[in-house]
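Take a look at the structure below.
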Protein chains: 2
Amino acid sequence: MLDLSTVISELSHHGFKQTRQRLAVLEVIAGAQARMSPAKVHEQARQLCPDLGLATVYRTLEILDRLGAIRRVHMTDNCEGFAPAGLGKGHHVVCVKCGRVAEFTGCNVSKLVPMATRQTGFHVQEHFLELMGTCDDCYRAAAGMANAHEDRRSRCAC
Amino acid sequence: MLDLSTVISELSHHGFKQTRQRLAVLEVIAGAQARMSPAKVHEQARQLCPDLGLATVYRTLEILDRLGAIRRVHMTDNCEGFAPAGLGKGHHVVCVKCGRVAEFTGCNVSKLVPMATRQTGFHVQEHFLELMGTCDDCYRAAAGMANAHEDRRSRCAC
DNA sequence: GTGACTGCAAATAATTTGCATTACA
DNA sequence: TGTAATGCAAATTATTTGCAGTCAC
């Protein structure tokens, strides 16, 4: 879980001021069950801070991302959502139906690095890993229906 | 390597026509060393097909992506680039300096899936993995310089 | 010949920036 | 009080769509 007070003290440590707007954005993301677009964050944070502007949301998300308090989450087609960052460890599983995000730990991707290095000659510094699937709720809901014959094209053949 | 003639026959198989514009886009991506934005593709493909419109590039990239002929590539900050798709296997290593893309195989991420399932209850269907680093050219170039003290914030603590 | 494909321009959508004003520390 | 932060509106940038004309099959 994203710990509010930790992040708040991080803000000051890095010379950022603690403002109503930032707290509102932070609180919304901290409580988020699903990955949220900047617009969604804006909409919800407005309930805590009615005069919050969208530009401020963008500026705040940028800062929180830098501090590691939140994580950018990509999706197959569209892009740029944000979710709470746990403790900076772990990776995300994103529900392709409802956007819910969960975190798991125990990533062993770093074991792949030597192999990738050998094959490509690149000097690998970081990695981005995200699993996609359905959360249990959506899975059950779908099981009820006949079949949703979606064009979900899998992107990974390995 | 992306095999042009294969993709071209794929096009017809799926009822798409073979046009100058599509061939130009395809050729540019097939020859790309680095991930390219739609705008970049447009710029280069225009040299093969001067009256090519940007909208057509978008439409063509969409089709090629569906066919699996090219791959969407995400980056840490911005988004949506495209690269040749190898044979649909393997993952990408992207150079954070020059954008060059290489592919490696032997991904073992699927081994993570049971763990993720246990921890989150999600039904995982696919995954997205990308390594980031510097290609050897950029690495050597950087080694020459003192140090580029960039604010490269690592996104992964595992 | 005809329907899919295209270019262009206009419409949307998403994000960033400038600047006068406000409010944290 | 001084400076960083904000809201708003305008500016960019990225992407999609409508439509009349064109071209592959």
Side-chain angles (χ1 to χ4, degrees), chain A residues 5 7-28 35-67 69-70 72-82 99, chain B residues 5 7-28 35-67 69-70 72-82 99:
Chain A
S5 47
V7 178
I8 291 172
S9 71
E10 273 296 287
L11 275 177
S12 2
H13 281 174
H14 289 263
F16 294 111
K17 290 182 177 168
Q18 184 185 134
T19 66
R20 277 183 310 121
Q21 292 84 343
R22 283 173 182 168
L23 295 183
V25 168
L26 193 49
E27 201 161 323
V28 166
R35 124 207 152 91
M36 302 186 68
S37 64
K40 269 263 173 58
V41 172
H42 181 221
E43 181 189 319
Q44 296 201 12
R46 248 174 190 297
Q47 297 175 2
L48 304 170
C49 181
D51 56 338
L52 175 67
L54 182 54
T56 298
V57 172
Y58 276 99
R59 292 186 273 230
T60 303
L61 290 173
E62 171 69 27
I63 292 173
L64 294 178
D65 178 43
R66 259 179 212 282
L67 292 183
I70 64 177
R72 276 177 214 269
V73 178
H74 295 262
M75 289 291 270
T76 316
D77 9 26
N78 65 3
C79 203
E80 232 51 328
F82 293 86
Chain B
S5 48
V7 178
I8 291 172
S9 70
E10 274 296 288
L11 274 178
S12 0
H13 281 173
H14 289 264
F16 294 111
K17 290 183 177 167
Q18 185 185 133
T19 66
R20 280 183 307 120
Q21 291 84 343
R22 283 172 183 169
L23 295 182
V25 168
L26 194 46
E27 202 163 321
V28 166
R35 131 207 146 91
M36 303 185 67
S37 63
K40 269 262 173 60
V41 172
H42 182 223
E43 180 187 319
Q44 296 202 12
R46 248 175 190 294
Q47 296 174 3
L48 305 170
C49 180
D51 56 338
L52 176 67
L54 181 55
T56 298
V57 172
Y58 275 99
R59 290 187 273 231
T60 303
L61 290 172
E62 171 69 26
I63 291 173
L64 294 177
D65 178 43
R66 261 179 211 280
L67 292 183
I70 62 176
R72 277 175 213 268
V73 179
H74 295 261
M75 290 290 272
T76 317
D77 9 26
N78 66 0
C79 202
E80 232 51 324
F82 292 85

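Residue numbering restarts at 1 for every chain, and letters A, B, ... go by the order of the sequence lines.
Positionally, the nearest nucleotide of DNA chain C for A:A39 lies more toward the 5' end than for the other of A:A39 and A:R59. Take the nearest nucleotide of DNA chain D for A:T60 and for B:A55: the residue whose nucleotide is more 5' is A:T60.
Considering CZ of B:R66 and NE2 of B:H14, their distance stands at 11.5 Å, rounded to 0.5 Å. Note that the CD1 atom of B:I8 and the CG atom of B:L26 stand 6.0 Å from one another [nearest 0.5 Å]. Going from atom CG of B:L64 over to atom CD of B:E62 covers 9.5 Å, rounded to the nearest 0.5 Å.
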Please list, pair by pair, any protein nitrogen or oxygen found under 3.5 Å from a nitrogen or oxygen in nucleotides 23-25 of chain C.
residue	atom	partner	partner atom	Å
C:dC24	O3'	A:Q18	O	3.4
C:dC24	O2	A:K17	NZ	3.3
C:dA25	OP1	A:Q18	N	2.9

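Residues meeting the side chain to side chain contact (heavy atoms under 4.5 Å, CB included) test with A:E43, sequence neighbours left out: none. Residues satisfying the side chain to side chain contact (heavy atoms under 4.5 Å, CB included) criterion with A:L11, sequence neighbours excluded, are A:F16, A:I63, A:L67. Shown here are the side chain to side chain contact (heavy atoms under 4.5 Å, CB included) partners of B:T56, two or more places apart in sequence or in another chain: B:Q21, B:L52, B:R59, B:T60.
For the pair A:Y58 and C:dT15, the criterion of a side-chain N or O lying under 4.0 Å from OP1 or OP2 is met.
When the P atom of D:dT6 is taken as reference, atom CG of A:L61 falls 12 Å away, rounded to whole Å. As a whole-Å value, the separation of A:K40 NZ from C:dA13 P is 15 Å. Across the protein-nucleic acid pair, B:I63 atom CD1 and D:dT15 atom C1' stand 16 Å apart, rounded to whole Å. Between B:L54 atom CG and D:dT13 atom C1' the separation is 11 Å, expressed in whole Å. Between the CG atom of B:L23 and the P atom of D:dA24 there is a distance of 10 Å, given to the nearest Å. Between the CZ atom of B:R22 and the C1' atom of D:dC25 there is a distance of 13 Å, given to the nearest Å.
In this structure, A:R20 contributes its side chain and A:C49 its backbone to no donor-acceptor pair below 3.5 Å.
Annotation: proximity of residues 43-53 of chain B to DNA chain C (heavy atom, distance under 4.0 Å) is found for B:D51, B:L52, B:G53, numbered in ascending order.
For the side chain to side chain contact (heavy atoms under 4.5 Å, CB included) with A:M36, the qualifying choice from A:I70, A:L61, A:V28 is A:V28, the only one to do so.
When all heavy atoms of B:L48 and B:A24 are compared, the pair lying nearest together is CD1-O, 3.9 Å. Nearest approach of A:V57 to A:P38, heavy atoms of both residues: CG1-O, 3.7 Å.
Across its full length, the helix from C:dG1-D:dC25 to C:dA25-D:dT1 shows an angle of 40° between the axes of its 5 terminal pairs at either end, rounded to 10 degrees.
Nearest to the side-chain atoms of B:T56 among the listed nucleotides C:dT6, D:dT15, D:dC8 stands C:dT6.
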